[in-house]
Amino acid sequence: MKKGGSAHRVYSVVVFVILASLDNVAIGLVPPLYGSIADTFGVGEGHIALATTIMFLISAVAAIGFAYAGDRTDRKPVLILGTAIWVAGTAWSGLSGGYGSFLLAQVVAAFGLGAVASVSFAVVSDLITPKRRGLVMSFWGLSQGVGTLAGTLLGGLLGHANWREPFLVAAAAGVVATVAYLFTYNVPRGESQPELAGVEYDERIHVSDLPVILGRRTNIWLIFQGFTAQIALGSLVWLPILFRSRAEDQGYSSGTAVLVGSVFATLFQLGGALSILGGLVGDRLQRRTPRGRALVAAVGVLAAVPFYLVLFFVPMTIDVPDGAGAGTVIRAVLSDVFTEPTVGFCLATAVFALMLTSANSPNWFALIADVNPPEHRGTVYSLGNLVNGFGRAGGNAMVAVAFRGLAGAFPPPLNYALGLAGFQLFWVPTGIMFWLASRTVAKDMADTHAALLDAASENRPDGDVGGDPPVGVERLARE
């Protein structure tokens, strides 16, 4: 495999995608196991949910420091350090003997997780050209969704008998991924940026750049849309609890209900795999107008809201053998999709809703790369991730309070359905902010393009792509 060749670059992208998915595996492990972990430590489920909330927040805060370090120095050691920390914290979580130890282990894991997504994002954005950003970033976003699903499934399948096993398995996978990362291509900054073709670009971020970053109006909307979006998404970590409660309401035992909840939650989030379509549509529309990606994201999240509202209230008839093994229950659930009309309808609704909201992710990633120079991307992503973390933690915490408040008038599972449905309304301000970003993106792209050409002109007298005439923002959007 030639160093820096196409095969090496593909290998590097694959490894970065896997790393990004594994950090979400670690986050997704805990929610299906709230009850089991709480019983072991003799605390309420709310105490374990608190660990998840803290994890979201610490990961988001730590990401800023790691992203700045990555934008300022060599990114490879930063990413290796972060991965090693979250692997250690995840393994420690599985070996914890008490609630205090478990909570501290989750804090350690969260700190390391902050490095993975932010630094990897900056590297991947330098590996792909602007015209393919939506597509490749859809795989990037998909990897994170798949990681959350895998964590949910891993927690339910391995953890229904022993909740510690999923943590140890995830930690072992992290070790393997870290070894694979050692052989990835060390990507130069701005390598795939057309303005910098043939130029050695080694700009680094400085503290004084923060006003410049925030002065790009598109960045403001891209950063703050994540707060409301993640409140809605943060509430969805309770999907396994909703489906577990539905199974218990139909008379299934606790162990079988946990399995049913995890498998149904996994199936119902498969629509996230269709984020590839959102990325492709964003790329195509971007070639026609610089507003393309932002408009695709805005329409997607707004159109999804009615489907979410339907999803949580359609009754489901679950037919699985109570007390059976994991394999038998999984086969029964898959059979229900085709033999129980209510299950099939719910699945179709969920897949469509998640397909629409998944248009957010790849276009958000691509827009950050479009309007920011290479040395700012990791930091901008981390600022967005910080806001995302507060939103996700808020959604996770507030929905738990909503469930308890609703339980007095609406017994489970209806309280879960009402709470989850209400929190999906937070997609509305998210869509509005993407629309506002579509109004400013052309100017910010043009300004960034001009700044990169100025930097290139120091080493290339013609100062433009291949010495061609000046490239306008409409052409830049197509490249």
Test log, rule ring-ring contact (aromatic ring centres under 6.0 Å, His included), inputs Y181 and Y11: CA-CA 9 Å; Y181 174 64; Y11 166 81; 9.6 Å; no

Test item: I85 and L81 side chains (from C-beta on) under 4.5 Å apart, heavy atoms: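 Side chain of I85 against side chain of L81, heavy atoms only: contact under 4.5 Å found.
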
Within-4.5 Å side-chain heavy-atom neighbours: S125 and M137: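 Sidechains of M137 and S125: in contact.
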
Regarding [X] and [Y], do their side chains bring together a donor and an acceptor under 3.5 Å, going by distance alone?
| X | Y | answer |
| --- | --- | --- |
| S101 | W92 | yes |
| W163 | T40 | yes |
| S235 | Q424 | yes |
| T357 | Y308 | yes |
| T430 | T228 | yes |

Tell me whether [X] contacts the main-chain N or O of [Y] through its side chain, where contact means a donor paired with an acceptor under 3.5 Å.
| X | Y | result |
| --- | --- | --- |
| T448 | M445 | no |
| R164 | G94 | yes |
| S96 | G98 | no |
| R377 | A369 | yes |
| Y68 | G378 | no |
| H376 | I368 | no |
| R217 | D444 | no |

Salt-bridge present (D447, R216; N to O < 4.0 Å):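 Looking at R216 together with D447, the answer is no, because their closest N to O distance does not fall below 4.0 Å.
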
NZ/NE/NH1/NH2 to OD/OE distance under 4.0 Å, D283 and R293: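 Counted as a salt bridge, because a side-chain N and a carboxylate O are separated by less than 4.0 Å.
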
R204, CZ atom: more than 12 neighbouring heavy atoms under 6.0 Å: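 Correct, the count exceeds 12.
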
Ring-ring centroid check W238 Y34, cutoff 6.0 Å: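 Centroid distance W238-Y34: below 6.0 Å, so yes.
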
Aromatic plane relationship, W364 with Y381 - under 30° parallel, 30 to 60° tilted, over 60° perpendicular: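 Rings of Y381 and W364: tilted, 30 to 60°.
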
L79 to V116 - nearest heavy-atom pair and separation: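 Answer, listing the atom of L79 first, then V116: CD1-CA, 3.5 Å.
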
